[in-house]
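Comments concern the structure below.
This chain uses plain numbering: 1 for the first residue, then up along the sequence. Ligands are counted one by one from 1 in listed order, and the atoms in each one are counted from 1 as well.
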Amino acid sequence: MTAHTRRSRIAILGTGGTIAGTRTGTDGDAYRPASLGIDEIIAAVPELDHIADITSEQVLQIDSANIEDHEMLALARRTSQLLAADDIDAVVITHGTDALEETAYLLHLGLKTTKPVVFVGSMRPADALSADGPRNLVHAVTVAASAQAIGMGVLAVMNDEVHTARDVTKAHSINVATLRSPHGPLGHIVNGAPVFYRAPARSHTYLTPFDIDTLDQLPKVDIVFAHANMTTAVIDALVSTGTEAIIHAGMGNGSVAARMIPTLTAARTAGVHIVRCSRIPNGSIIRNAAVPDDTHDWLVADDQNPQKARLLTALALTRTQQTRELQDIFWTY
Ligand code: ASP
């Protein structure tokens, strides 16, 4: 067989989540995430054999709400090793939906590959009535096996949609239609095949300077959530624990309450970068609009949500400490 006709060889990496969950009772929605191994999940979906030659590996077995930076980086390194091998064409990663957008984004920013990498999860445990995991997994493997996914960066597939890891976010606490992208999905699964309508416009994977193969920890970056009556105590606490940057999830266009300014200014003087983003899910932050970012030497996160701004800031800090260069990174990725 030629390279064009042979079946795709796809490694499926298990990390836990609800897609690996099982119910703990016969009534209601109680379940335990991360109870099935990846081989059990694959064995329950014989349709996968029709699509690709599958190998599998259990990399983590957790509720993704517990994931830590060193675990995301270990998963990234293992994915990178597998993709470097000639006998692997693509990687699919089963992952809890809670933090899926964070792990997927880290790999999207740092993996040096054009091979497809597809994240997939489910909202219902494996043994639920109308479980969504098996269908989502078949679709994820279908996308990973598709030539259309080559060079698209890291993707997330659920509920018949294909999203870019840059934009995708969990937007509903219980509905199977939980993955949303503010600018819309890249494509859909129609009649069992991926149909792409758009490609990511921002640089990713093999086009970034970020080298996650050599990292086993990220610079410490924390998030604070703005609200009426916000106090400065959390900023002081973070600065005292050695944070390198604070993501300020402000109201509206990243607004910062006047009472916060002296404390944030002191943090910046102490070397901590301040990144303005928004607690609302749509729109970008305008630099120097109502907040004089140049005067404060602060950054804005473009359209990135707080949890994604944390990861981009952390990777950016492995390259530079200069505010102007850090800001350029937010305009680029
Ligand atoms: N708590 C689960 C997790 O993120 C939720 C899910 O997978 O849908 O691991």
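By the 6.0 Å and 45° rule, Lys308 stacks over the aromatic ring of Tyr105.
No hydrogens or angles considered: a donor-acceptor pair under 3.5 Å links the side chains of Thr18 and Tyr31. Looking only at atom types and distance, the side chain of Asn66 has no donor-acceptor partner in the side chain of Glu71 under 3.5 Å away.
By the 30° and 60° cut-offs, the orientation of the rings of His188 relative to Tyr197 is perpendicular.
For a threshold of 3.5 Å applied to N or O pairs, the pair formed by His95 and ligand 1 contains no separation below that value. At a 3.5 angstrom cut-off on N or O pairs, Asp98 counts as close to ligand 1.
In this structure, Arg324 does not pair ionically with Asp297, as no charged nitrogen and carboxylate oxygen lie closer than 4.0 Å. Between Arg9 and Asp89, at least one side-chain N (NZ, or NE/NH1/NH2) sits under 4.0 Å from a carboxylate O, which counts as a salt bridge.
With respect to atom 9 (O) of ligand 1, the closest heavy atom belonging to the protein is Ser64 N, 2.7 Å. Atom 8 (O) of ligand 1 has its closest protein heavy atom at Thr97 OG1, 2.5 Å.
Residue contacts with ligand 1, taken as heavy atom pairs separated by less than 4.0 Å, do not involve Pro33 at all.
Ligand 1 is approached by Ser122 to a heavy-atom distance shorter than 4.0 Å.
Close approach of ligand 1 to Thr18 is summarised as follows: ligand atoms under 4.0 Å from at least one heavy atom of the residue are 2 (C), 5 (C), 6 (C), 7 (O), 8 (O).
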